[in-house]
2 protein chains.
Amino acid sequence: MVNKSLLKGTLSTLVLKQLADNGQMYGYEIIQKIKAATAHQLKVTEGALYPSLHKLEEQGLLTVERREVSGRTRKYYALSAKGKKASQEQQQQLQAFLNSVQTLLQPKTN
Amino acid sequence: MVNKSLLKGTLSTLVLKQLADNGQMYGYEIIQKIKAATAHQLKVTEGALYPSLHKLEEQGLLTVERREVSGRTRKYYALSAKGKKASQEQQQQLQAFLNSVQTLLQPKTN
DNA sequence: CAAGTATACCTAAGTTTATTAGGTATAAAA
DNA sequence: TTTTATACCTAATAAACTTAGGTATACTTG
């Protein structure tokens, strides 16, 4: 009943950041990486991730390459030039947002 | 064209926190407080805040009291007992979420 | 004094972005 | 052989915003 995902709006920024850090990645891998990096705190669902990837691709921020790996198809995504720029901008905005929220969450000094 | 609000999901938690810190507050005041506290970084719109307050009230987290002040009606909100508990829980969850996102935003150590 | 700005509340339509709940398919493990 | 992991996908629904209005009073300013 709790925790209806605080993720809204931040997912695409986090995806871009993963690709900025790791170069080529496929969807399933992104999900696992985020889960591992946050000690299973953040769990990106496939229903959120795949549409997000498709949108980023559509916006020209990602390039895609299909590859067969041990019998399965993977779609490797990477940042385009436009995507690199967007990634940096969105990281800065998200950081500013985090700072603001963090400020508001500070315990009140009575 | 930028910045389609990263606020999604966090607003009600921030509202509860404001009330936890300041006791009674009215809607317009909450908007100004958040704007001021974040150096105009976070701007809560009325279209977001008022429905949020109504929902929190509906959930029994807030109590309301109408008051006339210098010719205008204000609705003063305060945390109920249930609201105090919810406020603390939601703060903790939001903090955990911020920590996770912050971790993911850390510059990669190559 | 009139007009604009600030204060103070509200809602409805539309958009975005997630959740939930499916679906397909192969490979590895039990 | 059945389950779990890997790997992709989408459609219906829900939540939570933005945008763009509306009403009304008080204060400020040319």
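Throughout, a chain's letter reflects where its sequence line sits, starting with A, and its residues are numbered from 1.
- Taking atom CE of A:M25 as the reference point, atom C1' of D:dC8 lies 16 Å away to the nearest angstrom.
- In this structure, B:R74 reaches the sugar-phosphate backbone alone: every heavy-atom distance under 4.0 Å involves primed, P, OP1 or OP2 atoms, never a base.
- Distance B:E58 CD to C:dT11 C1': 15 Å, rounded to the nearest Å.
- The side chain of B:A48 lies closest to D:dT18 when the candidates are D:dA7, C:dT7, D:dT18.
- Residue B:G71 is in sugar-phosphate contact alone, with no base atom involved, counting any heavy-atom pair closer than 4.0 Å across all strands shown.
- The environment of A:Q88 atom CD is sparse: at most 12 non-hydrogen atoms of other residues, nucleotides or ligands sit within 6.0 angstrom.
- Which of D:dC9, D:dT6, C:dC9 sits closest to the side chain of A:E46 comes down to D:dC9.
- Where A:T73 and B:S52 each meet DNA chain D at their nearest nucleotide, the meeting point lying more 5' is that of A:T73.
- Nearest nucleotide to the side chain of A:K55, out of D:dA7, D:dT25, C:dT17: C:dT17.
- A ring pair (Phe, Tyr, Trp, His ring centres under 6.0 Å) check over residues 17-47 of chain A, counting only residues at least two apart or in different chains, returns the pairs A:Y26-A:Y76.
- Side-chain N/O atoms of B:Y28 include none lying less than 4.0 angstrom from OP1 or OP2 on C:dA6.
- For the OP1/OP2 pair of D:dC9 and a distance below 4.0 Å, the side-chain nitrogens and oxygens of A:Y50 include no atom meeting the criterion.
- Here the nucleotide nearest the side chain of B:R72, chosen from C:dA18, D:dC17, C:dT7, is C:dT7.
- When the nucleotides C:dC10, C:dT19, D:dA26 are ranked by their closest atom to the side chain of A:T45, C:dT19 comes out on top.
- A donor-acceptor pair shorter than 3.5 Å can be found between the side chains of A:Q95 and B:Q102.
- Between A:H54 and D:dT10, a side-chain N or O to OP1/OP2 separation shorter than 4.0 Å is present.
- The side-chain hydrogen bond (donor to acceptor under 3.5 Å, both in side chains) test applied to A:Q24 returns A:E65, A:R67, not counting sequence neighbours.
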How far apart are the C-alpha atoms of B:S12 and B:K55, what are their side-chain angles, what is the distance that settles it, and do they pass the side chain to side chain contact (heavy atoms under 4.5 Å, CB included) test?
CA-CA 9 Å; B:S12 64; B:K55 190 177 180 189; over 6 Å; no
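- Counting to the nearest Å, the P atom of C:dT7 and the CD atom of B:E29 are 12 Å from each other.
- Note on A:S70: only backbone sugar-phosphate atoms sit closer than 4.0 angstrom, heavy atoms only; bases stay farther off.
- Comparing B:Q32 and B:K75 along DNA chain C, the residue whose closest nucleotide (by nearest heavy atom) sits nearer the 5' end is B:Q32.
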